[in-house]
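Quick notes on the structure that follows.
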Amino acid sequence: MAMIQSFTNVEKTTHKFAFKLSPTNYGFWKQMIQPFLVTNRLFGYIDGTIQCPPPKTIATTDTTSTDNPSYLYWITNDAHVWMLLASTISEASYQHVQGTTSLDLWLSLERAYAPNTSSLKYTLKTQILKMEMKGDETSSAYLTRA
């Protein structure tokens, strides 16, 4: 797995979208947000392909644990994506905002607004297949997350 890098100042520039997600424009909102995230290499945070690395790594020369720089980068990058998404949500739609990660936010909006289609089922099945139990996670916590 490649090391996660921090965004540069250029990448962190605030983008102002001329629209907000409302109860009636989810399809349009998604069609505008998704390409923006893809072209800025941020879509992996909301589709689960850029997963949170463990906070500690084990050094190979001995048994000491060291801080994992990718963990902090992931946390800050994911928070940036969460804020970007949240900034495009209207007050009427904000009631559907749930979770602490950008993936949680994306899925909560999808559950609230996307029609129950085979593509939604495929997305959910794909995300479940990609789920892995974290090293320090209990079985019940894993099942709750699933």
Side-chain angles (χ1 to χ4, degrees), residues 1-15 17 20-21 23 25-90 92-146:
M1 173 156 74
M3 184 164 163
I4 297 174
Q5 301 291 319
S6 179
F7 293 133
T8 66
N9 288 337
V10 173
E11 292 168 323
K12 283 188 176 182
T13 56
T14 305
H15 184 83
F17 289 96
K20 299 263 187 194
L21 172 65
N25 70 350
Y26 175 77
F28 173 74
W29 176 84
K30 184 176 178 182
Q31 283 187 328
M32 298 303 289
I33 294 292
Q34 193 166 340
F36 174 81
L37 295 171
V38 169
T39 58
N40 287 282
R41 292 181 267 171
L42 302 173
F43 194 73
Y45 288 89
I46 63 167
D47 75 356
T49 56
I50 302 176
Q51 295 184 354
C52 185
K56 301 279 186 186
T57 56
I58 303 297
T60 56
T61 56
D62 56 19
T63 59
T64 61
S65 179
T66 60
D67 290 334
N68 183 354
S70 289
Y71 174 77
L72 183 57
Y73 291 143
W74 190 93
I75 294 295
T76 56
N77 291 348
D78 185 68
H80 176 71
V81 174
W82 193 98
M83 288 187 310
L84 186 133
L85 291 174
S87 72
T88 67
I89 299 172
S90 69
S93 296
Y94 209 80
Q95 65 181 329
H96 299 293
V97 171
Q98 297 176 355
T100 56
T101 67
S102 56
L103 173 60
D104 294 339
L105 174 56
W106 185 261
L107 291 177
S108 69
L109 297 172
E110 190 172 67
R111 279 190 301 273
Y113 294 116
N116 189 7
T117 62
S118 59
S119 65
L120 175 59
K121 291 176 186 174
Y122 174 78
T123 300
L124 293 173
K125 284 180 184 178
T126 302
Q127 289 168 346
I128 288 172
L129 289 173
K130 288 180 182 178
M131 282 189 65
E132 292 181 2
M133 191 167 170
K134 297 175 183 173
D136 60 344
E137 191 172 36
T138 65
S139 298
S140 62
Y142 171 74
L143 291 174
T144 301
R145 190 166 48 92

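- The closest donor-acceptor contact from the side chain of T39 to the backbone of P35 lies under 3.5 Å.
- Formation of a donor-acceptor pair under 3.5 Å by the T88 side chain with backbone atoms of K20 is not found in this model.
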Evaluate side-chain contact (heavy atoms from CB on, under 4.5 Å) for S102 paired with H80, printing each intermediate quantity in order.
CA-CA 9 Å; S102 56; H80 176 71; over 6 Å; no

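- T100 and W82 make their closest contact through O-CD1, 4.0 Å (heavy atoms, listed as atom of the first residue, atom of the second, distance).
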Start with the C-alpha distance between L84 and L37, add both sets of side-chain angles, then the distance that settles side-chain contact (heavy atoms from CB on, under 4.5 Å), and finish with yes or no.
CA-CA 10 Å; L84 186 133; L37 295 171; 4.0 Å; yes

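- Note: M32 CE to K30 NZ = 14.5 Å, rounded to the nearest 0.5 Å.
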Please evaluate residues L109 and L85 with respect to the criterion side-chain contact (heavy atoms from CB on, under 4.5 Å), reporting the C-alpha separation (whole Å), side-chain torsions for both, the decisive distance (0.1 Å), and the verdict.
CA-CA 10 Å; L109 297 172; L85 291 174; 5.6 Å; no

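- The heavy-atom pair separating Q34 from F43 by the smallest distance is CG-CE1, 3.3 Å.
- For the residue pair E132 and Q51, the shortest heavy atom distance occurs at OE1-OE1, 4.4 Å.
- Summarising the geometry, atom CG belonging to L105 is positioned 12.0 Å from atom CE belonging to M83; distances are rounded to the nearest 0.5 Å.
- Checking side-chain atoms of D78 against main-chain N and O of W74 turns up no donor-acceptor pair under 3.5 Å.
- For the atom pair CG of L103 and CD of E110, the computed distance is 9.5 Å after rounding to the nearest 0.5 Å.
- Partners of L72 according to the side-chain contact (heavy atoms from CB on, under 4.5 Å) rule, which considers only residues two or more places apart in sequence or in another chain, are T76.
- A heavy-atom distance below 4.5 Å is found between the side chains of K56 and D67.
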Check the pair Q98 / L107 against side-chain contact (heavy atoms from CB on, under 4.5 Å), numbers first and verdict last.
CA-CA 9 Å; Q98 297 176 355; L107 291 177; over 6 Å; no

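- Here Y113 pairs with H96 under the ring pair (Phe, Tyr, Trp, His ring centres under 6.0 Å) rule; sequence neighbours left out.
- Applying the side chain to side chain contact (heavy atoms under 4.5 Å, CB included) test between W106 and each of V81, I33, T101 identifies I33 as the sole match.
- For the pair I50/N77, no side-chain contact is recorded, criterion being any heavy-atom separation below 4.5 Å from C-beta on.
- Within 6.0 Å of CD in Q95 there are more than 12 heavy atoms belonging to other residues, nucleotides or ligands.
- The nearest pair of heavy atoms linking S90 to L21 is OG-O, 2.6 Å.
- Using a 4.5 Å cut-off on side-chain heavy atoms (C-beta onward), Y142 and K134 make no contact.
- The closest side-chain heavy-atom distance from P54 to Y71 is not below 4.5 Å.
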